[in-house]
Asks: 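Got a structure for you, written out below as structure tokens; questions coming shortly.
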Amino acid sequence: TIYDRSNTPMPNGTGMGGNLSSAQGVVIVPFPGNAYLYYLFTVPSQVGQFSGNDHMTWSVIDMSLNGGYGDVTLKNLQLFQGSTEQLTATYHANGRDVWVLARKFGTDEWYAYLVTCGGISEPVVSHAGQVVMDSNPNDTQAALGCMDVSYAGDRIASTWNDSPGDLCFLELLDFDNSTGAVTNGIFTTQPGQGGSSWGYGVAFSPNGGVLYWSNFGYPNSPLYQYDLNASNPFGTELLIGELNAAYFGGMQIGLDGKLYIARWDAAQKLTQVNFPDIVGSGCGFILDGVSIVPGYCTLSLSNDWMRETPPMQELISWEDTTTCADNILVAITAQFGNPAPTFLWSNGETSSSIVVDQAGVYSVMV
């Protein structure tokens, strides 16, 4: 269900895709170039076992409708069939467009959809990493788990489980945020010091040098840390903390740069790591970090991928000429496509170029 800011369901906001039990069941992407439109992507739980729909879907929310409280204009349009519960997004290398990433159950296929001001592209399908499936072909437990993309947009971490085979997979792969290609990939089975493992949450630190992984185990649920700058990252596994008689779940880096971890217990708290870029005990693990009273947490947090936007690249080309002429032409070329850009210079001119005949500082808004 999609709620507006008054906690009221939008008129067409019920019956959306996804599922309560999906680890990363929904992700929201602002429409590039339009402040009112948002894409909403969903993936099912356990390949549709509980909902009957095993497709990744997309919908459009228009916040200019319903008196500014929003409405759903396109709903549950299907993308590919057989999605796992893993879903996230990251910026394209140009800092404007967005890649939406998902995995296909029973295969080694990765789907990367590019969201631009022109819509959703056909997916870039990559074959990389492990085949996500259970050793029992009738089981769908391997669809559970989370993935994350590094801040730089160059690496993916993913965790999932073969329950019948008593195996947990933790994978590291390369991602090209210019092309959408997923390549290479190293992995470990039975992370968590070889004990009984059930991977669920995974997150990169802000600088991309440290990886965190949560074990959805019982009776003790541990949190581990990996040094990604080491030649063998999985060989640096370090126990950071444990949750007794309960479960650690998904995790997110907050806007403050700290790591927050969901926990399924009755404590009404989030666990936090204050300095996630630091390897070792100096990372600042706090089991009872943040109170969320009167709320309760289960196994996931909001699927928030929007970090600080990288600078836009190759959108504006500057040319600078020094001359002794009385008049100097200052011109700017903007390659924004359709619609054409508008210009406002500090002297009031609105064309793409001005003629300067006096010394001074001149600026332009495009």
Side-chain angles (χ1 to χ4, degrees), residues 1-18 22 24-43 53 55-80 83 87-102 111-124 149 151 153 177 180 252-255 300-316 332 334-344 350 352 364-366:
T1 301
I2 302 176
Y3 292 83
D4 63 27
R5 64 182 179 273
S6 69
N7 287 330
T8 303
M10 289 186 183
N12 197 33
T14 59
M16 308 303 299
S22 187
Q24 294 176 297
V26 59
V27 71
I28 296 172
V29 175
F31 194 102
N34 189 317
Y36 294 102
L37 298 180
Y38 294 82
Y39 285 106
L40 183 141
F41 296 88
T42 67
V43 291
N53 178 16
H55 284 77
M56 178 181 177
T57 69
W58 64 279
S59 305
V60 172
I61 303 166
D62 188 340
M63 292 304 299
S64 70
L65 303 178
N66 190 27
Y69 282 84
D71 199 356
V72 181
T73 57
L74 294 173
K75 184 173 178 178
N76 292 342
L77 300 179
Q78 295 183 346
L79 293 171
F80 74 95
S83 172
L87 177 68
T88 193
T90 189
Y91 284 107
H92 185 279
N94 62 22
R96 173 193 59 215
D97 303 325
V98 177
W99 292 106
V100 179
L101 296 160
Y111 283 69
Y113 293 90
L114 186 61
V115 178
T116 71
C117 58
I120 304 173
S121 70
E122 289 295 314
V124 176
V149 181
Y151 270 38
N177 63 357
Q252 294 283 342
I253 296 290
L255 294 177
S300 292
L301 299 173
S302 301
N303 197 0
D304 180 21
W305 61 274
M306 294 184 66
R307 293 135 183 176
E308 183 179 355
T309 309
M312 290 196 174
Q313 301 173 14
E314 300 177 0
L315 294 179
I316 299 177
I332 184 171
Q335 299 174 341
F336 283 96
N338 186 26
T342 58
F343 306 88
L344 178 61
T350 57
S352 62
V364 59
M365 291 192 298
V366 183

Asks: To the nearest 0.5 angstrom, please state how far the CG atom of L255 sits from the CE atom of M306.
Replies: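 Between L255 CG and M306 CE, I get 10.0 Å after rounding to 0.5 Å.
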
Asks: Where do Y3 and N7 come nearest, in terms of heavy atoms and distance?
Replies: CD2-O, 3.4 Å

Asks: Within the structure provided, determine whether L87 and V100 are in side-chain contact (heavy-atom separation under 4.5 Å).
Replies: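 In short, these two side chains touch, coming nearer than 4.5 Å.
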
Asks: List the steps, then state whether side chain to side chain contact (heavy atoms under 4.5 Å, CB included) holds for R5 with Y69.
Replies: CA-CA 7 Å; R5 64 182 179 273; Y69 282 84; 3.8 Å; yes

Asks: To the nearest 0.5 Å, what is the distance between CE on M56 and CG on N76?
Replies: 12.5 Å

Asks: At their closest point, which heavy atom of G180 faces which heavy atom of A112, and how far apart are they?
Replies: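 Closest approach of G180 to A112: O-CB, 3.5 Å.
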
Asks: Quick one: does D62's side chain get under 4.5 Å of D71's, heavy atoms only?
Replies: no

Asks: Do the non-hydrogen side-chain atoms of V115 and W58 ever get within less than 4.5 Å of each other?
Replies: no

Asks: Nearest 0.5 angstrom please: T42 OG1 to H55 NE2, how far?
Replies: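 T42 OG1 to H55 NE2: 11.0 Å, rounded to 0.5 Å.
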
Asks: So, do V26 and M16 sit near enough that their side-chain heavy atoms are less than 4.5 Å apart?
Replies: no

Asks: For residues N303 and Q252, determine if any side-chain heavy atom of one lies less than 4.5 Å from a side-chain heavy atom of the other.
Replies: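 Yes, side chains in contact.
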
Asks: Quick check: does any side chain N or O of S302 sit under 3.5 Å from a backbone N or O of D304, one acting as donor and the other as acceptor?
Replies: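 Not a single qualifying donor-acceptor pair exists.
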
Asks: How long is the span from the CG atom in L77 to the CZ atom in F41, to the nearest 0.5 Å?
Replies: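 The CZ atom of F41 is 10.5 Å from CG of L77, to the nearest 0.5 Å.
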
Asks: To the nearest 0.5 angstrom, please state how far the CG atom of L37 sits from the CE atom of M63.
Replies: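 That separation rounds to 10.5 Å.
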
Asks: Answer yes if the side chains of D4 and S6 hold a donor-acceptor pair under 3.5 Å, and no otherwise.
Replies: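 Looking only at side-chain atoms, S6 and D4 do form a donor-acceptor pair, the distance falling under 3.5 Å.
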
Asks: Are the side chains of V60 and Y38 in contact, using a 4.5 Å heavy-atom criterion?
Replies: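 No - every pair of side-chain heavy atoms lies 4.5 Å or more apart.
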
Asks: Please determine which of Y151, W305, W99 meets the ring-ring contact (aromatic ring centres under 6.0 Å, His included) test together with Y91.
Replies: W305

Asks: Side chains of T350 and F343, heavy atoms from C-beta outward: is any pair under 4.5 Å?
Replies: no

Asks: Looking at every non-hydrogen atom in both residues, tell me the closest pair between C117 and P32 and how far apart they are.
Replies: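 For C117 versus P32, the nearest heavy atoms are CB-O, 3.3 Å.
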
Asks: Looking at I2 and V72, what are the two nearest heavy atoms and their distance?
Replies: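 In this case the closest contact between I2 and V72 is CD1-CG2, 3.7 Å.
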
Asks: Could you tell me if the side chain of L79 sits less than 4.5 Å from the side chain of P123, heavy atoms only?
Replies: no

Asks: Would you give the length of the straight line joining atom CG of L74 to atom OG1 of T57, rounded to the nearest 0.5 angstrom?
Replies: 11.5 Å

Asks: What are the two closest heavy atoms between N177 and G153, and how far apart are they?
Replies: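 So the two residues come closest at CB-O, 3.6 Å.
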
